[in-house]
Protein chains: 2
Amino acid sequence: MESAHAAREDGRRHRADGERSRQAILAAAAELATIEGLDGLSIARLAEHVGMSKSGVFAHFRSKEELQLATVDAAREIYDREVSEPALQAPEGLPRLEAALEAFLVHLERRVFPAGCFFLSAASELEVKHGPVRDHLRAHYAELLDGFAETVRQAQERGELDPEADTQQIVFELDSFLIGANIALFFFGDESATDRARAALRGTLERLKPAQPA
Amino acid sequence: MESAHAAREDGRRHRADGERSRQAILAAAAELATIEGLDGLSIARLAEHVGMSKSGVFAHFRSKEELQLATVDAAREIYDREVSEPALQAPEGLPRLEAALEAFLVHLERRVFPAGCFFLSAASELEVKHGPVRDHLRAHYAELLDGFAETVRQAQERGELDPEADTQQIVFELDSFLIGANIALFFFGDESATDRARAALRGTLERLKPAQPA
């Protein structure tokens, strides 16, 4: 019994180690993918980057495609932890929308991913490369945008933003400022980009607030 | 004399053929770069794409880097022909600014480059890849943005847009809508993206127009 218990413990520890190491490899993969591109992410290149043997990485991911798909999932977990979840702490409606926009800009400023938003980088890269990796990325990205649209809609339903305004048009405009900040900050190194985006976002939200009753 | 003349004519024709073929190769290179990335553009890959021998392409470009630099120049020529020059036909000031914004959106809709704006694709790709190709791309992109800022400034100086407004903030906001349209159209295949951008641009310009004297 003792040894069976010890063996089970040992097995659990091995699985936990394996899982930890898988997560560590994937975090490095997400980072590497924003710099060198998701399509360039191969088992050989990643093994070199994390200082492991190819067979060590291959034990976790059996193919380049499996690695790429898992990297997109890992990037989503990082994004949720850094952007989506902090925003959910704010009360539903306009405060949550403002918190989500701010959390996104802060994640750019903090270089959570070294080359800016993971999803935006990968989307630009895979724009016309059809295949399972692009589809998987697009599904995640669409989910993030749907969540964003839902947050805008809640603020409209509460009357904090004009309920008559076109939700998708609001999402397009707010999202454009986030994307614009990403490009200006990471391609041009323009450190004022996130504050320009803040001013633009504030102006847009102000205009959408219903006039106060006199 | 006759034969010397014929030889000169022949030489000219050869040079003209060479130049034409170089231009044709570069147009194909610019197209390929927006799909597969500028960094992936090698002499071997381009030769395969245009159906030439490697040595045939090599005769025009001695290295991958020379090819990439020439491709950025070729993309700029295409961009100027399709976007910058048509806008210059409009009178200076607000009409020219509106023409430039519209020409950009039309160049997306017409798929002048098959994966959207060449400069935006390449900028996203090369965000953190330092080197001469990135520097060259950044110089062209910065020149385009400077021209855009100058057009905004002219509209402000003529009083067609609020002269007190921060020119760089206006440029950031207008450019963000163009970038947002590019991502939505080419990554999500959202055909309404350019019209969303048109509505956003119109709203922004309307707000910047000084109030009409009563």
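Residue numbers begin at 1 in each chain, while the letters A, B, ... track the order of the sequences.
Summarising the geometry of A:R138 relative to B:G189, their closest heavy-atom pair is NH1-N, 4.3 Å, with the distance given to 0.1 Å. Summarising the geometry of A:A199 relative to B:Q169, their closest heavy-atom pair is CB-NE2, 3.7 Å, with the distance given to 0.1 Å.
In this structure, B:D175 CG and A:I179 CD1 are separated by 11.5 Å, a value rounded to the nearest 0.5 Å. Here the CZ-OG1 distance, from B:R207 to A:T204, works out to 6.5 Å after rounding to the nearest 0.5 Å. Taken from CZ in A:F177 to CD in B:E173, the straight-line distance is 4.5 Å, to the nearest 0.5 Å. Interatomic distance, A:I35 CD1 to B:L126 CG, rounded to the nearest 0.5 Å: 13.0 Å. Here OG of B:S176 is found 11.5 Å from CG of A:L174. Values are rounded to the nearest 0.5 Å.
Most heavy-atom pairs under 4.5 Å with chain A: of the set B:A115, B:G116, B:G180, B:A123, this distinction falls to B:A123. Between chain A and the options B:A197, B:G203, B:S121, heavy-atom pairs under 4.5 Å are most frequent for B:A197.
Only the side chain of A:F172 comes within contact range of chain B, with heavy atoms under 4.5 Å apart. Residue contact with chain B, scored on non-hydrogen atoms closer than 4.5 Å, is absent for A:L178.
Put simply, the side chain of A:D166 reaches to within 4.5 Å of the side chain of B:R196, judged on heavy atoms. Between B:S124 and A:I183, the closest side-chain pair of non-hydrogen atoms falls below 4.5 Å.
Between B:F188 and A:Y141, the two ring planes are perpendicular [angle over 60°; tilted spans 30° to 60°].
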